[in-house]
**Q** 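The structure that follows is given in the form of structure tokens.
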Amino acid sequence: MRSDLYSALTKQIGFEVDPVLLELAFTHRSFAYESGAKETNERLEFLGDSVLGLIVTEELYLKYPDLDESRLSPLRSGIVNMRALADIARTLQLGKYIRLGRGEETTGGRDKNSLLADALEALIGAVYIDQGFEKSTEFVRTLIADTLTSAIAKGAGLDGKTALQEFAAANGKGVPEYSVTEDGPDHDKSFKALVALGGVVVGQGEGKSKREAEQYAARAAYEFLKAENFLKDAGTSGS
């Protein structure tokens, strides 16, 4: 293992992290199984997921004292869902550090949302072990700053399924119907949801639970339908 392998990453995040921990954070189980390595990044991912959840929850609790749990919970989901975390991982170029088995490598594992999100959570776990909670908090707050702003701008603090149902009813589009598929082993499942109106798929979303995937799909559909109505209205007014 070469410590200079992670020099660009540590320069980007602004502090050093034990390269042994970094290597473990990026060791996918497919690589471990093929190489005979004893450890994977799954324990660090488990830890990082909890650290991330606590820091994001505290940030929202302090930043929005007037919001109740029903608003804070979906807002948090808008920040820590698989796709949002994968996008953050891409900004850090974490894909190039992940150690993969041949199968995952050939099927584009370095750009899979699930693998990137897991790697980011494992990195947060490594930072927590090496640097402690105070530095982890600083790190996570920097990571989520843009995602938090985006989530608020998109209305992620609203319940997506409720918003979609009310919009569909008000515009005579029927009742949203959801279908969910799952992938991965029992301890690390990912879910993909499709939402349809009148048999036509209008949104999709991914998450680490069925509920999260459905919420993400509902918000995507809600934004799509609002834009569609806006374009129709603009076309009518311009005719």
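Since this is a predicted model, take the numbers as computed values, not measurements. Below, each value reflects all heavy atoms present in this structure, side chains not excepted, and no hydrogens, waters or symmetry copies. One-based numbering along the sequence shown.
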**Q** Are more than 12 heavy atoms, taken from residues, nucleotides or ligands other than K208, located less than 6.0 Å from that residue's NZ atom?
**A**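 Yes.
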
**Q** Hey, is the main chain of D111 close enough, under 3.5 Å, to the side chain of R90 for a donor-acceptor pair?
**A**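 Between the backbone of D111 and the side chain of R90 there is a qualifying donor-acceptor contact (under 3.5 Å).
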
**Q** In terms of relative ring orientation, are Y128 and F133 parallel, tilted or perpendicular, with 30° and 60° separating the classes?
**A**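 If you compare the ring of Y128 with that of F133, the planes turn out perpendicular.
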
**Q** Taking it one step at a time, do E16 and K11 satisfy salt bridge (Lys or Arg N to Asp or Glu O under 4.0 Å)?
**A** CA-CA 8 Å; E16 295 290 330; K11 182 177 181 181; over 6 Å; no

**Q** Quick check: closest heavy atoms across V51 and S136, and the distance to 0.1 Å?
**A**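 Closest approach of V51 to S136, heavy atoms only: CG1-CB, 4.3 Å.
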
**Q** Are L5 and F31 connected into the same hydrophobic cluster when the rule is that any two of I, L, V, M, F, W, Y join if their side-chain heavy atoms are below 4.5 Å apart?
**A**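 Different hydrophobic clusters.
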
**Q** Just verifying a value: how many Å separate E23 CD and Y6 OH, rounded to the nearest 0.5 Å?
**A**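 These two atoms lie 4.5 Å from each other.
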
**Q** Any non-hydrogen side-chain atom of R29 less than 4.5 Å from a side-chain atom of E42?
**A**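 Counting from C-beta outward, R29 and E42 do come under 4.5 Å.
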
**Q** With rounding to the nearest 0.5 Å, note down the distance linking CD in E59 to CZ in R141.
**A**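 It is 4.5 Å, given to the nearest 0.5 Å.
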
**Q** Would you say V202 and L194 make side-chain contact, with heavy atoms under 4.5 Å?
**A**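 The answer is no; the side chains never approach within 4.5 Å.
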
**Q** Is there a donor-acceptor contact under 3.5 Å from the side chain of N171 to the main chain of F167?
**A**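 Yes.
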
**Q** Distance check, rounded to the nearest 0.5 Å: E223 atom CD versus R219 atom CZ?
**A**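 Reported to 0.5 Å precision, the distance equals 8.5 Å.
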
**Q** Following the transitive rule for hydrophobic clusters with a side-chain heavy-atom cut-off under 4.5 Å over Ile, Leu, Val, Met, Phe, Trp and Tyr, establish whether V180 and Y222 coincide in one cluster.
**A**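 V180 and Y222: separate clusters.
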
**Q** Distance to the ring centre below 6.0 angstrom and angle to the axis at most 45 degrees; does that hold for K161 and Y178?
**A**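 K161 over Y178 ring: yes.
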
**Q** Verify salt bridge (Lys or Arg N to Asp or Glu O under 4.0 Å) between E104 and K112, making sure each step is shown before the conclusion.
**A** CA-CA 9 Å; E104 283 289 354; K112 285 184 180 178; 3.0 Å; yes

**Q** Please determine whether side-chain contact (heavy atoms from CB on, under 4.5 Å) holds for the pair L92 and L120, giving the CA-CA distance in whole Å, both sets of side-chain angles, and the decisive distance to 0.1 Å.
**A** CA-CA 9 Å; L92 295 174; L120 179 64; 4.1 Å; yes

**Q** Restricting to non-hydrogen atoms, name the atom on H28 and the atom on N41 that form the minimum distance, rounded to 0.1 Å.
**A**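 Heavy atoms of H28 and N41 come nearest at CA-OD1, 4.3 Å.
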
**Q** Does CD belonging to Q12 count more than 12 external heavy atoms closer than 6.0 Å?
**A**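 Above 12, so yes.
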
**Q** Between L94 and F26, is the side-chain contact (heavy atoms from CB on, under 4.5 Å) condition met? List the steps.
**A** CA-CA 8 Å; L94 297 190; F26 298 127; 4.0 Å; yes

**Q** Could you go through the side-chain contact (heavy atoms from CB on, under 4.5 Å) check for E212 and F191 one step at a time?
**A** CA-CA 8 Å; E212 183 180 272; F191 296 81; over 6 Å; no

**Q** State whether the side chain of T27 and the backbone N or O of T40 hold a donor-acceptor pair below 3.5 Å, judged by distance alone.
**A**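 Here the side-chain-to-backbone pair does not exist.
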
**Q** Taking all non-hydrogen atoms of both residues into account, name the closest pair between A32 and E39 and its distance.
**A**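 Looking at all heavy atoms of both residues, the shortest contact is CB-O, 3.9 Å.
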
**Q** Would you confirm whether Q165, through its side chain, and V175, through its main-chain N or O, come within 3.5 Å as a donor-acceptor pair?
**A**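 Not at all, since once roles are kept as given, no pair shorter than 3.5 Å links the two residues.
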
**Q** Between atom CD of Q215 and atom OG of S209, what is the distance when rounded to the nearest 0.5 Å?
**A**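 Here the rounded value is 9.0 Å.
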
**Q** Are V80 and F46 grouped together when hydrophobic residues (ILVMFWY) are joined by side-chain heavy atoms under 4.5 angstrom apart?
**A**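 They do not share one cluster, since no chain of ILVMFWY contacts under 4.5 Å joins V80 to F46.
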
**Q** Nearest 0.5 angstrom please: L143 CG to I79 CD1, how far?
**A**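 These two atoms lie 12.0 Å from each other.
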
**Q** What is the minimum heavy-atom distance between A119 and I98, and which atoms define it?
**A**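 Heavy-atom minimum between the residues: CB-CD1, 4.0 Å.
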
**Q** Would you check if the side chain of E58 reaches a backbone N or O of G53 as a donor-acceptor pair within less than 3.5 Å?
**A**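 Checking the backbone N and O of G53 against the side chain of E58, no donor-acceptor pair under 3.5 Å is found.
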
**Q** Under a 3.5 Å cutoff, is there a donor and acceptor pairing between the side chains of N81 and R76?
**A**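 On atom types as modelled, these side chains do not qualify, holding no pair under 3.5 Å.
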
**Q** If you define the side chain from C-beta out and look only at heavy atoms, does anything of L115 sit under 4.5 Å from R110?
**A**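 In short, these two side chains do not touch, never coming nearer than 4.5 Å.
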
**Q** Does L85 share a hydrophobic cluster with F139, counting links as ILVMFWY side-chain heavy atoms below 4.5 Å and allowing steps through other members?
**A**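 As far as the 4.5 Å side-chain criterion goes, F139 and L85 are connected within one cluster.
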
**Q** State, to 0.1 Å, how close P176 and V195 come at their nearest heavy-atom pair, and which atoms those are.
**A**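 Closest pair (atom of P176, atom of V195, distance): CB-CG2, 3.8 Å.
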
**Q** Flag yes if L148 and Y61 sit in one hydrophobic cluster, no otherwise; membership is Ile, Leu, Val, Met, Phe, Trp, Tyr, and two members link when side-chain heavy atoms are under 4.5 Å apart.
**A**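 Unlinked, L148 and Y61 end up in two clusters.
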
**Q** Can you name the closest pair of heavy atoms from K135 and F15 and give their distance?
**A**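 Reported closest heavy-atom pair: CE-CD2, 3.5 Å.
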
**Q** Quick one: pull up OH in Y216 and CD in E206 and give me the separation to the nearest 0.5 Å.
**A**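 The CD atom of E206 is 9.0 Å from OH of Y216, to the nearest 0.5 Å.
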
**Q** Any side-chain heavy atom of L44 within less than 4.5 Å of one from L24?
**A**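 When only atoms from C-beta onward are counted, L24 and L44 do touch, with a gap below 4.5 Å.
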
**Q** Taking the side chain as every heavy atom from C-beta outward, state whether K192 and D183 have any atom pair closer than 4.5 Å.
**A**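 Sidechains of D183 and K192: no contact.
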
**Q** Compare all side-chain heavy atoms of I124 with those of D49 and state whether any distance is below 4.5 angstrom.
**A**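 When only atoms from C-beta onward are counted, D49 and I124 do not touch, as no gap falls below 4.5 Å.
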
**Q** Per the side-chain contact (heavy atoms from CB on, under 4.5 Å) rule, which among L21, V17, D18 passes with I129?
**A**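 Going through L21, V17, D18 one by one, the side-chain contact (heavy atoms from CB on, under 4.5 Å) with I129 is satisfied by L21 alone.
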
